[in-house]
2 protein chains.
Amino acid sequence: MSLSDRKRRILKAIVDEYIENAEPVGSKIIAARSRLDVSPATIRNEMSELEELGYLEQPHISAGRIPSTAGYRLYVNELMQNYALSVSEAEAINMALRTQMLELEKMLREFGSLVSRLTNYTTYTLMPGGSSESVKKFDVFLADSQTAIAVIVTSSGLLKNKRIKLCSPADDSEISAVANLLNTYFTNRTLDDISLSLIKRASFEAGHLAPLVTEIASFAGEVLDSTREGDVYLDGISSILRHPEYRDPEKAQELLTYLTDKKGILRHTHEHFSQDSSPGGIRFSIGTENSDEPLRDAGIVYGTYDLGKNLQGVIGIVGPRRMDYAKVAANLNYFITGFNKLLKDSFFNE
Amino acid sequence: MSLSDRKRRILKAIVDEYIENAEPVGSKIIAARSRLDVSPATIRNEMSELEELGYLEQPHISAGRIPSTAGYRLYVNELMQNYALSVSEAEAINMALRTQMLELEKMLREFGSLVSRLTNYTTYTLMPGGSSESVKKFDVFLADSQTAIAVIVTSSGLLKNKRIKLCSPADDSEISAVANLLNTYFTNRTLDDISLSLIKRASFEAGHLAPLVTEIASFAGEVLDSTREGDVYLDGISSILRHPEYRDPEKAQELLTYLTDKKGILRHTHEHFSQDSSPGGIRFSIGTENSDEPLRDAGIVYGTYDLGKNLQGVIGIVGPRRMDYAKVAANLNYFITGFNKLLKDSFFNE
DNA sequence: TTTAGCACTCAACGCCCCCGAGTGCTAATT
DNA sequence: AATTAGCACTCGGGGGCGTTGAGTGCTAAA
């Protein structure tokens, strides 16, 4: 059975009110604010039913009510109205998109800090992960007679480099031979395809530069391995302390530690996306829906960006459970849409 | 006039005690703990004189005393005894050093997180800055027919790369010609030496790949520009909330915002090093000695690492004013010493 | 010069009480 | 049957108040 229209309007009003003021909301306020023209008593009856249905909870008997996780869930799924981006918000995002930096990392950072400022929540960005990643191209050259630089371009467009000290001196032609060798042996192979015996064979061909080949090959392995789970950037950390629900330093520290640790949020995000496989768009993960303890009073809004070839990155915005889902979703959605278009145009022209 | 030996011992005892317990210390405790064999009354007299001299302050009349900034200063300069690293501390640092990562950035991050864990304070690392930086070597190669990758090695050993989309297709030989061109025109030049007319001349020679040359040249400019002030990494942010002086969320947020903003801490560090030009080693900057408001209740312990050619990086450890200077200094010093040795061996073999 | 003794100060704590917002229930009204 | 006015009840929060105890400064004796 679905809720009566009036119950829905009341619930929405309560969530809106609570999101704004962070204080349990009572029947009187709802009666006054919502254009329902009924008395507080009626609202009270409805509220008590909404509580029975699990959408509201009471912090203590003589206080107003606050939305439960289920209440927020209904709110984000059906009740909340589209937040209209202000001109300045849209403009800021457009600006960030226009800057057209071709480095994925930098763009993500830039956007993270932008959204944190716009919304007052903490942002994290996940680089895409997946085991289908492979090396697209190797390059090796000399920085000086004793130092080689190896550069790796992965299939998803990631760039990584490493400085390697040579045991025995080499000249340019030797080094470019090594680069060729690497390109023939190791390109277009996923991590699982790079076996020890392959490395052995390749380095055998390299003569006195065998150690260099081995080292670069294992560097490639590292890079591919690290892309498996992706990397995390955080921004707007100090926003956490702005919200009254994190007034308690213990609570704040718990969340902060969890977020800066990166492992937890990484696992959690993967988990969320593996079970909620609804198509693109904005998703939410609210309060007790989160299995990780530090997030059980928090809310997360997710968006995904697409790098082709099944590679997906995630942007997440973390706040208290009582966060302004509508506003955050609108901002994130606006950015993600533009970002995905940009990515399609500039990264993958195949 | 310098302080009597007894006053110094009392002051030291007070600082030690306060560092450990974060509570104003009274005469009784000092009489009991310090091996001075005098009565609390005597201590009281001494304390009241120490207060008059500006080394102690009283939070309120009926409480014990806490060290003032001047008190801490005297403590770190003359009183504190060497903290002996525990075996596990030394071992952890050795381990980090042995990992021998040749990427400066990664090493710094690794150490930052290590020290944060060891000491429970927040760590930041500054990449070296200076306007004497130049490009040591360019490399350009094709990732695919429409995308070029440019790699820059700077004189201090920094590695940066960028993906560049081509307007017109090019083949390998054309690209390596571009690389040669860049190397002849732009290597060993500081930012100030790279003029617009130089860029114009170089790109003129590049024919239809002129846009590529211009873009890489300006990328080089960006890189050199960014090395001017260096980059900041933070670690152990959540430690801030562990200390009772930051129980107040407002205070914590102030410091957190200041630190994550990076501009402030960067400027502050430069400022500190420009006026305190004592030779290497560990330095301190305590409480009100800091001109920036958010740091006036904080303490910082600095160490510098050396990249040759007047390039210096800084590692800073931030905590409450009542931080364990001895312990932090010992850890930092141990690391810095080893790190500098390592840097000398592996980065600069000229 | 040191110290015992003592009066004094004041933050912190616990206690109590009151206030008021908000509830649930009941009975009257529509 | 739904709504609402009225009312008793609950309970967290805040203010006032006295107590406690750690710590001080001063004085006078050792």
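Ring to ring, B:F284 and B:Y302 are not that close: their centroids are 6.0 angstrom or more apart.
Atom CG of B:D5 is separated from atom C1' of C:dT1 by 17 Å (rounded to the nearest Å). Rounded to an integer number of Å, the gap from A:R6 CZ to D:dT4 C1' is 12 Å. One interatomic measurement links the two molecules: CD1 of B:I14 to P of D:dG23, which rounds to 12 Å at whole-angstrom precision. A straight line from CD of B:E23 to C1' of D:dG23 spans 13 Å, rounded to a whole angstrom.
Scanning for side chain to side chain donor-acceptor pair (under 3.5 Å) contacts around B:Q58 gives an empty result, with sequence neighbours left out. Residues satisfying the side chain to side chain donor-acceptor pair (under 3.5 Å) test with A:K327, not counting sequence neighbours, are none. Taking B:T269 as the reference, B:Y124 meet the side chain to side chain donor-acceptor pair (under 3.5 Å) condition, with sequence neighbours excluded. Under the side chain to side chain donor-acceptor pair (under 3.5 Å) criterion, B:D292 pairs with B:Y258, B:R267, not counting sequence neighbours.
Taking 4.0 angstrom as the limit, B:T42 places a side-chain polar atom (N or O) nearer than this to OP1 or OP2 of C:dT3.
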When the side chains of residues 23-31 of chain B are checked against the rest of the protein, which donor-acceptor pairs come out under 3.5 Å, sequence neighbours left out?
residue: B:S27; atom: OG; partner: B:R44; partner atom: NH1; Å: 3.4

note = Readout for nucleotides 7-25 of chain C: B = base within 4.0 Å of protein heavy atom, S = sugar-phosphate only, - = neither; 5' to 3' it is --BBS---------BSBB-
